[in-house]
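This is a predicted model, so every value here is computed, not measured.
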Amino acid sequence: MPALHRFALVAATRKERPSGCAREARRGKEGIAISDPFIFLLTLAAALGCGLVAGVFFAFSTFVMKALSRIPTNQGIAAMQSINVVVLNRMFLSVFIGTAVVCLAIVACSFWQWGSPGMLWRVGGCACYLAGSFGVTLAWNVPRNEGLAAIDPSASASADLWRRYVAEWTAGNHVRTIASFAGAVFFSLALG
């Protein structure tokens, strides 16, 4: 049964069922457990959030960092310093942090939904995003961004620092890209 059709069926029978994270015991005509609409919406939001974040990270892994490393060092450093300031905007942070919050809510709800259809896919998606995307960002990429912010782009030692930054930052970004994409896939499978 397609996910949206199943969601419409759930919405039509909502009065008869508990809301929130309560475990759903009812079964549809085909014998498939009907998902709680709250969990469905959380999972959909997590899938979309992971997909958006994966797309941003994919762009940096495949062409942005390569382009920045091809221009003169002082210009590459200045451009990345600017990117690291501009990325801290309401739109990106809403998606990036909001997806982490949604994942935490899904993990909390999983205790009440243990054994429900799609639960393992949801928990796997949460693990991918929280550890591989959000966690790597905080532990790996942000410290390198802070170090880059302290560099004078015109200093003579900046070329070596820039080469090391590009290599290390991009390696961490590859992990974030794969983890975010895997999270989107897992959440999508949970919806199916």
Side-chain angles (χ1 to χ4, degrees), residues 1-62 86-142 172-192:
M1 177 181 296
L4 290 177
H5 179 71
R6 197 170 58 225
F7 180 68
L9 180 62
V10 169
T13 61
R14 181 157 171 97
K15 293 179 184 176
E16 303 169 16
R17 301 179 310 108
S19 62
C21 296
R23 184 172 180 175
E24 179 54 58
R26 290 182 49 109
R27 297 206 171 262
K29 292 179 184 175
E30 294 92 13
I32 299 170
I34 300 172
S35 298
D36 185 323
F38 181 68
I39 294 296
F40 176 86
L41 291 175
L42 285 177
T43 306
L44 180 61
L48 295 173
C50 283
L52 284 170
V53 171
V56 170
F57 293 158
F58 179 77
F60 274 87
S61 282
T62 57
V86 174
V87 75
L88 301 176
N89 65 68
R90 185 176 307 161
M91 180 101 41
F92 177 74
L93 291 178
S94 295
V95 173
F96 183 66
I97 295 171
T99 302
V101 171
V102 168
C103 286
L104 291 173
I106 289 172
V107 169
C109 289
S110 292
F111 290 109
W112 289 280
Q113 293 270 328
W114 200 258
S116 66
M119 187 268 312
L120 289 178
W121 290 122
R122 286 191 297 273
V123 171
C126 291
C128 285
Y129 187 79
L130 291 172
S133 183
F134 198 78
V136 169
T137 298
L138 297 181
W140 186 262
N141 292 85
V142 168
N173 195 65
H174 291 336
V175 173
R176 301 187 307 172
T177 302
I178 293 166
S180 298
F181 180 73
V185 169
F186 289 171
F187 288 124
S188 298
L189 289 170
L191 290 171

Colleague: Which pair of non-hydrogen atoms, one from G172 and one from V136, has the smallest distance, and what is that distance?
Modeller: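 For G172 and V136, the tightest heavy-atom pair comes out as O-CG1, 3.7 Å.
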Colleague: Rounded to the nearest 0.5 Å, what separates atom CZ in R122 from atom CG in L191?
Modeller: 8.5 Å
Colleague: Do the non-hydrogen side-chain atoms of F96 and T137 ever get within less than 4.5 Å of each other?
Modeller: yes
Colleague: Give, for atom CG of L104 and atom SG of C126, the distance between the pair rounded to the nearest 0.5 Å.
Modeller: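 One gets 7.5 Å once the value is rounded to the nearest 0.5 Å.
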Colleague: Could you pull out all residues at least two apart from T99 that satisfy side chain to side chain donor-acceptor pair (under 3.5 Å)?
Modeller: none
Colleague: What's the spacing between F58 CZ and H174 NE2 if we round to 0.5 Å?
Modeller: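 It is 10.5 Å, given to the nearest 0.5 Å.
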Colleague: Using every non-hydrogen atom in the two residues, find where S133 and A179 come nearest and quote the distance to one decimal.
Modeller: N-CB, 3.9 Å
Colleague: What heavy-atom pair brings F38 and C109 nearest, and what distance separates the two atoms?
Modeller: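 Residues F38 and C109, closest heavy atoms: CE2-SG, 3.8 Å.
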Colleague: Taking the side chain as C-beta and beyond, is there a heavy-atom pair between W121 and S188 under 4.5 Å?
Modeller: no
Colleague: Would you call the rings of F92 and F57 parallel, tilted or perpendicular, where under 30° means parallel and over 60° means perpendicular?
Modeller: perpendicular
Colleague: Check G49 against V95 and note the closest heavy-atom contact, atom names and distance.
Modeller: O-CG1, 4.0 Å
Colleague: Provide the full list of side-chain hydrogen bond (donor to acceptor under 3.5 Å, both in side chains) pairs with a residue in residues 101-110, sequence neighbours left out, each pair given once.
Modeller: none
Colleague: For A100, which residues count as a side-chain contact (heavy atoms from CB on, under 4.5 Å) partner, sequence neighbours excluded?
Modeller: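 If we apply the side-chain contact (heavy atoms from CB on, under 4.5 Å) test to A100, skipping adjacent residues, the hits are Y129, L130, F134.
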Colleague: Can you check whether F187 reaches C128 side chain to side chain, under 4.5 Å on heavy atoms?
Modeller: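 Side chain of F187 against side chain of C128, heavy atoms only: no contact under 4.5 Å found.
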Colleague: How long is the span from the CE atom in M119 to the CZ atom in F111, to the nearest 0.5 Å?
Modeller: 10.0 Å
Colleague: Rounded to the nearest 0.5 Å, how far apart are OG of S116 and CG of D36?
Modeller: 9.0 Å
Colleague: At what distance, to the nearest 0.5 angstrom, does CD1 of I39 lie from CG of L44?
Modeller: 12.5 Å
